[in-house]
Amino acid sequence: MKNSIRRLISFTMVLALLILSAAVLNSCYVIKSGKMNKIEGTYKLTSYLGKGDNIEERSIVMYMVICADGTGYYAYRDNTETSYISELRCRFIQDTEQAGFYSYVEIDFGTGTYEKFGINAPTWGKSTNLNFQKPVWKPIEWGEPLEIDYNISVDFLRVDNATDLSYITEEFGKAPSLPYGAKKYDGTYKLEGVFLNDKSPDVATVPDNPYVYYYVTFDFVDRTAQIYNMSKSNEITSTVRISDIALLYENGNYRIDVGGKSYVINTLNSTLSYSLDIEENIDDGCYTLRFHHWGDMSKEQILDSIESDVSNYLATKDFSKD
């Protein structure tokens, strides 16, 4: 895992393309509706402008594949992120005046939200372009007029009609492939507490949390996990790095197999909040340890949080029993 401080909302989730906030108002598009045979295919990110040229500043290389059936892929890397490929979802908006023509495509890069792109499908010669432009306004100040700070402008150019990964294999052929939405679930999880589950004893009270702290950090691109914990029973600290973790998607949940243990990411609660669960035997009963997603944390941030957890534990510990 990288030790540098990573953004809480990772650019690798392509959310940097989707900067949506109260400061961003209506989008502008260049539209020339086209038939599906001019739209589906493989696209390359050719322009991403904000306060500067983001492609040049971040050495971004990105392709995406969109298909008429609503499926697709994107492939991505930059100067801080290793190459990877992930599934996406898309949906097409028909032209209101021309049957069989489409004016917009909405793309979900795995975040659970769709970003709308205008379709510019020229009749002759030129390749189809997907685009949007959004103004970002300066913070509101009392008594001052609204002013645009800068514009976000994004353009993808169709470079091939391939609706599979064949066009980008040469450049991304060895990159790991992730299921739809998986990328947003990597990062760091912190133990929240102990909960009952179907395997708990018939008459059960929830036992005390057996850990002073317990953190798990996943990197699905590198296929690694870092586990930090300290048991209250022996107060021994443990830091373990595990390679070749397996990420599986089944029954609406992601399961992560790590060193003989299976963690389950529960994605059914909310698209914004989700938990990481693992079964563990405590006091002769099987219970669920539930973790909360803290996003992308650097190693330094995790260690600072661990130090705070240990201090809080020592402050409440009854040393008279020792």
Side-chain angles (χ1 to χ4, degrees), residues 1-16 58-62 73-87 109-111 165 171-192 211-231 236-250 253-267 274-280 289-307 309:
M1 297 293 291
K2 305 174 184 68
N3 290 335
S4 59
I5 295 178
R6 303 168 65 190
R7 290 175 289 277
L8 179 62
I9 301 178
S10 174
F11 185 79
T12 62
M13 293 166 57
V14 202
L15 284 179
R58 302 179 185 180
S59 302
I60 298 170
V61 178
M62 181 178 179
Y73 310 90
Y74 72 90
Y76 182 86
R77 73 166 178 265
D78 65 19
N79 55 16
T80 64
E81 186 70 57
T82 306
S83 298
Y84 71 93
I85 299 169
S86 185
E87 296 175 335
F109 291 100
T111 65
L165 294 172
E171 192 159 1
F172 284 86
K174 296 182 179 180
S177 184
L178 305 178
Y180 164 79
K183 193 67 184 73
K184 73 176 180 178
Y185 298 117
D186 72 359
T188 300
Y189 293 78
K190 179 180 179 180
L191 180 61
E192 177 184 343
Y211 292 94
V212 177
Y213 63 82
Y214 193 154
Y215 294 80
V216 184
T217 294
F218 299 113
D219 189 322
F220 297 145
V221 175
D222 292 342
R223 296 180 60 194
T224 59
Q226 193 87 10
I227 301 174
Y228 309 81
N229 61 39
M230 177 180 175
S231 173
I236 295 176
T237 62
S238 173
T239 301
V240 179
R241 186 178 189 273
I242 300 174
S243 301
D244 296 324
I245 67 174
L247 174 66
L248 305 171
Y249 182 75
E250 54 190 18
N253 291 320
Y254 293 94
R255 193 185 84 230
I256 311 159
D257 292 340
V258 181
K261 293 185 177 182
S262 289
Y263 296 83
V264 175
I265 298 176
N266 185 349
T267 62
Y274 34 88
S275 62
L276 177 74
D277 295 344
I278 184 172
E279 292 183 348
E280 184 161 316
L289 298 184
R290 179 156 296 163
F291 298 74
H292 179 71
H293 188 238
W294 276 35
D296 289 331
M297 296 179 68
S298 68
K299 182 178 180 180
E300 292 79 9
Q301 290 171 319
I302 294 172
L303 294 178
D304 286 345
S305 187
I306 287 173
E307 183 179 352
D309 292 338

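Just so it is clear, the model here is predicted, and its values are computed rather than measured.
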query: With a 4.5 Å limit on heavy-atom distance, are the side chains of Val258 and Ile227 in contact?
result: yes

query: With sequence neighbours excluded, what pairs up with Val264 under the side-chain contact (heavy atoms from CB on, under 4.5 Å) test?
result: Asn253, Arg255

message: Looking at every heavy atom in both Ile242 and Gly259, which two are closest together, and how far apart are they?
response: CG2-N, 4.0 Å

- prompt: After noting the C-alpha distance and the side-chain angles of Met297 and Thr217, does the key distance pass the side-chain contact (heavy atoms from CB on, under 4.5 Å) rule?
  reply: CA-CA 8 Å; Met297 296 179 68; Thr217 294; 6.0 Å; no

Minimum heavy-atom distance between Asp296 and Gln301, given as atom pair plus value: O-OE1, 4.1 Å

message: Quick check: do Phe109 and Lys183 have side-chain heavy atoms less than 4.5 Å from each other?
response: no

- prompt: Quick one: does Leu276's side chain get under 4.5 Å of Tyr185's, heavy atoms only?
  reply: no

- request: Calculate, to the nearest 0.5 Å, the distance between atoms OG1 and CG belonging to Thr224 and Asp186 respectively.
  value: 9.5 Å

Student check: side-chain heavy atoms of Ile302 and Trp294 closer than 4.5 Å: no

- prompt: So, do Tyr213 and Tyr228 have ring centers that fall under 6.0 Å from each other?
  reply: no

- prompt: Do you know which two heavy atoms are closest between Ala225 and Phe218, and how far apart they sit?
  reply: CB-CD2, 3.9 Å

- prompt: Which value, rounded to the nearest 0.5 Å, describes the distance between Thr82 atom OG1 and Asp219 atom CG?
  reply: 7.0 Å

Side-chain touch Asp309/Lys190, heavy atoms, less than 4.5 angstrom: yes

- request: Hey, could you give me the CZ/CE distance between Phe172 and Met62, rounded to the nearest 0.5 Å?
  value: 9.5 Å

- prompt: Shortest non-hydrogen contact from Ser83 to Arg77?
  reply: OG-CD, 3.2 Å

task: Please lay out, stage by stage, how Arg241 and Gln226 fare under the test side-chain contact (heavy atoms from CB on, under 4.5 Å).
output: CA-CA 4 Å; Arg241 186 178 189 273; Gln226 193 87 10; 3.2 Å; yes

- request: Of all the heavy-atom pairs spanning Tyr214 and Leu289, show the shortest one and how long it is.
  value: CE1-CD1, 4.1 Å

message: As a quick check of understanding, evaluate side-chain hydrogen bond (donor to acceptor under 3.5 Å, both in side chains) for Tyr211 and Glu280, giving each step before the final call.
response: CA-CA 12 Å; Tyr211 292 94; Glu280 184 161 316; 2.8 Å; yes

message: I need the Ile245 CD1 to Lys261 NZ distance, nearest 0.5 Å.
response: 14.5 Å

- prompt: With distance as the sole criterion, is a donor-acceptor pair present between the side chains of Asp78 and Ser59 under 3.5 Å?
  reply: no

statement: So CD1 of Ile85 and CG of Leu165: to nearest 0.5 Å the spacing works out to 5.0 Å

query: Could you state the interatomic distance from CG (Asp257) to CG (Leu247), rounded to the nearest 0.5 Å?
result: 9.5 Å

- prompt: Is there a side-chain contact between His293 and Lys184, using heavy atoms and a 4.5 Å cut-off?
  reply: no

